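Take a look at the structure below.
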2 protein chains.
Amino acid sequence: MSDSPPDDDRPLDPRQLSAYFALSEVGSLLQHEVERHLRAEGGLSTVQFQLLASLDASDGRLTMTQLADGVVYSRSGLTYQVGLLEKAGLVTRGPSPDDERSTLVSITDEGRALVERILPGHIRVVRGRLFEPLSDEDLDRLGDIMTRVRDHMRARPPRSAAPRRRRGPAD
Amino acid sequence: MSDSPPDDDRPLDPRQLSAYFALSEVGSLLQHEVERHLRAEGGLSTVQFQLLASLDASDGRLTMTQLADGVVYSRSGLTYQVGLLEKAGLVTRGPSPDDERSTLVSITDEGRALVERILPGHIRVVRGRLFEPLSDEDLDRLGDIMTRVRDHMRARPPRSAAPRRRRGPAD
DNA sequence: CTATTTTGCTTCGAATTTGAAGCATGAGGC
DNA sequence: GCCTCATGCTTCAAATTCGAAGCAAAATAG
């Protein structure tokens with residue numbers, strides 16, 4: 001870490017490129033297939049399922065902010081989606097006892113039941129599409145890599161633009 | 001095909017779960033940051049950039065179907081986006097000489113110039129957010145794994161629903 | 001204690017996305 | 001050559017998305 005090499009402005013080498021493209025593609029494909037399955041199976045979008053799953057995994061109640069933080073999503077979009085879930089009777093919204101501003105979202109029994117019902121099929125999709133061609137060792141490695149990347153991305157909030165404005169930009 | 005092991009209906013074990021969640025999260029986070037950057041830098045959405053990059057990488061002209069196949073996208077959405085790109089002067093649309101039905105999309109010089117202008121920053125984002133915490137070995141492994149998964153997903157077109165409806169569902 | 005700033009959420013309008021339906025051309029069967 | 005089906009793309013209406021603006025409660029400053 002003595003002096004940063006000019007690594008930053010070099011093009012990606014072929015290995016990086018191919019890894020990046022493959023990752024993007026897998027992400028998109030997986031997302032689409034999961035979407036399709038959830039829609040067909042339980043009439044839910046991916047986000048809605050993630051929200052219910054988050055609630056189910058935690059203590060059953062989270063604030064809007066906690067939910068939005070887990071799922072990568074805009075605040076207003078979250079309001080909309082939680083509204084739909086509430087209308088469907090899968091969650092309820094109420095004020096937080098601690099903080100009058102916060103809305104506490106709680107999963108209903110019906111919501112839990114739906115998650116339980118959809119989960120097996122969801123898992124089957126993920127297993128069949130994602131994990132099938134991977135060995136145990138691949139799996140460990142993938143988990144390790146992705147966890148590290150995620151922590152890295154979560155650690156540093158994204159600079160909106162101009163990551164290093166040392167020299168005047170040609171803009 | 002003698003008797004399928006009950007592997008299929010087991011829940012994902014913790015390693016699989018954590019790998020799956022981390023992968024999803026990284027995918028979402030990366031997509032959002034790329035989106036933000038491209039929008040700020042060149043006024044393009046991710047899809048538009050991918051379309052231009054696809055055209056740039058190939059011979060400069062592709063049919064709508066070829067484009068949609070590369071990017072994971074709906075046909076109608078593609079029509080809309082290509083329409084925007086055309087309006088912006090970055091691509092042109094014309095009939096295919098071979099097939100009267102096909103629309104051939106060509107990138108303009110302006111389009112190429114825009115790609116050239118945005119690419120370095122895009123690469124900087126990807127490098128900084130995705131590759132920074134990875135060693136060379138990680139990189140190779142990641143590329144290998146993702147390539148294999150992608151090929152696997154591309155090979156078998158997704159079953160719309162009901163992968164194995166052997167026993168009457170409790171629906 | 002009051003003024004200011006911050007935080008949490010919702011509402012709003014504009015842009016995007018999607019699947020279904022529509023239209024025209026190409027390919028096959030007869 | 002016709003008739004039927006498949007293919008390539010666009011149009012359409014409805015749903016979803018986002019950021020900006022708005023509003024109320026809480027934290028902070030003085």
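We name chains A, B, ... by the order of the sequence lines, and we start the count at 1 in each one. Everything quoted here is computed from the prediction, not taken from an experiment. Hydrogens, waters and symmetry mates play no part in the numbers below; they use all other heavy atoms, side chains included.
The pair A:Glu137-B:Arg141 counts as a salt bridge, with a side-chain nitrogen and a carboxylate oxygen less than 4.0 angstrom apart. Note on B:Asp59 versus B:Arg61: no salt bridge recorded, every NZ/NE/NH1/NH2 to OD/OE distance being 4.0 Å or above. We find that B:Glu41 and B:Arg124 are not joined by a salt bridge, their nearest charged nitrogen and carboxylate oxygen being 4.0 Å or further apart.
In this structure, CG of A:Leu84 is placed 9 Å from C1' of D:dT16, rounded to the nearest angstrom. Per the geometry, CD belonging to A:Gln31 stands 10 Å off P belonging to D:dT17, to the nearest Å. The distance from atom CG of A:Leu85 to atom C1' of D:dT16 is 14 Å, rounded to the nearest whole Å. Atom pair A:Glu35:CD and D:dA15:P shows a separation of 16 Å (rounding to whole Å applied).
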Between the protein and nucleotides 3-10 of chain D, which nitrogen or oxygen pairs are less than 3.5 angstrom apart?
{"residue": "D:dT7", "atom": "O2", "partner": "B:Arg101", "partner atom": "NH1", "Å": "2.9"}
{"residue": "D:dC9", "atom": "OP1", "partner": "B:Met64", "partner atom": "N", "Å": "3.2"}
{"residue": "D:dC9", "atom": "OP1", "partner": "B:Thr103", "partner atom": "N", "Å": "3.1"}
{"residue": "D:dC9", "atom": "OP1", "partner": "B:Thr103", "partner atom": "O", "Å": "3.4"}
{"residue": "D:dC9", "atom": "OP2", "partner": "B:Thr65", "partner atom": "N", "Å": "2.7"}
{"residue": "D:dC9", "atom": "OP2", "partner": "B:Thr65", "partner atom": "OG1", "Å": "2.1"}
{"residue": "D:dC9", "atom": "O3'", "partner": "B:Thr103", "partner atom": "OG1", "Å": "3.3"}
{"residue": "D:dT10", "atom": "OP1", "partner": "B:Arg93", "partner atom": "NH1", "Å": "3.1"}
{"residue": "D:dT10", "atom": "OP2", "partner": "B:Thr79", "partner atom": "OG1", "Å": "2.8"}

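Here the side chain of A:Ser96 pairs no donor or acceptor atom with the backbone of A:Ser102 at under 3.5 angstrom.
With no hydrogens or angles considered, a side-chain donor-acceptor pair links B:Asp138 and B:Ser135 at under 3.5 Å.
Distances shown here put every side-chain N or O of A:Gln81 at or beyond 4.0 Å from the OP1 or OP2 atom of D:dA15. OP1 or OP2 of D:dT17 lies within a sub-4.0 Å distance of a side-chain N or O belonging to A:Tyr73.
Bounding nucleotides for the chain B contact on DNA chain C, 5' to 3', at a heavy-atom distance below 4.0 Å, are C:dA15 to C:dG26.
For A:Tyr20, the side chain to side chain donor-acceptor pair (under 3.5 Å) partners at least two apart in sequence or on another chain are B:His122.
Taking hydrophobic clusters as Ile, Leu, Val, Met, Phe, Trp and Tyr residues chained together by side-chain heavy-atom distances below 4.5 Å, A:Leu142 shares a cluster with B:Phe21.
The minimum heavy-atom distance linking B:Val105 with B:Met64 is given by the pair CG2-SD, 3.6 Å.
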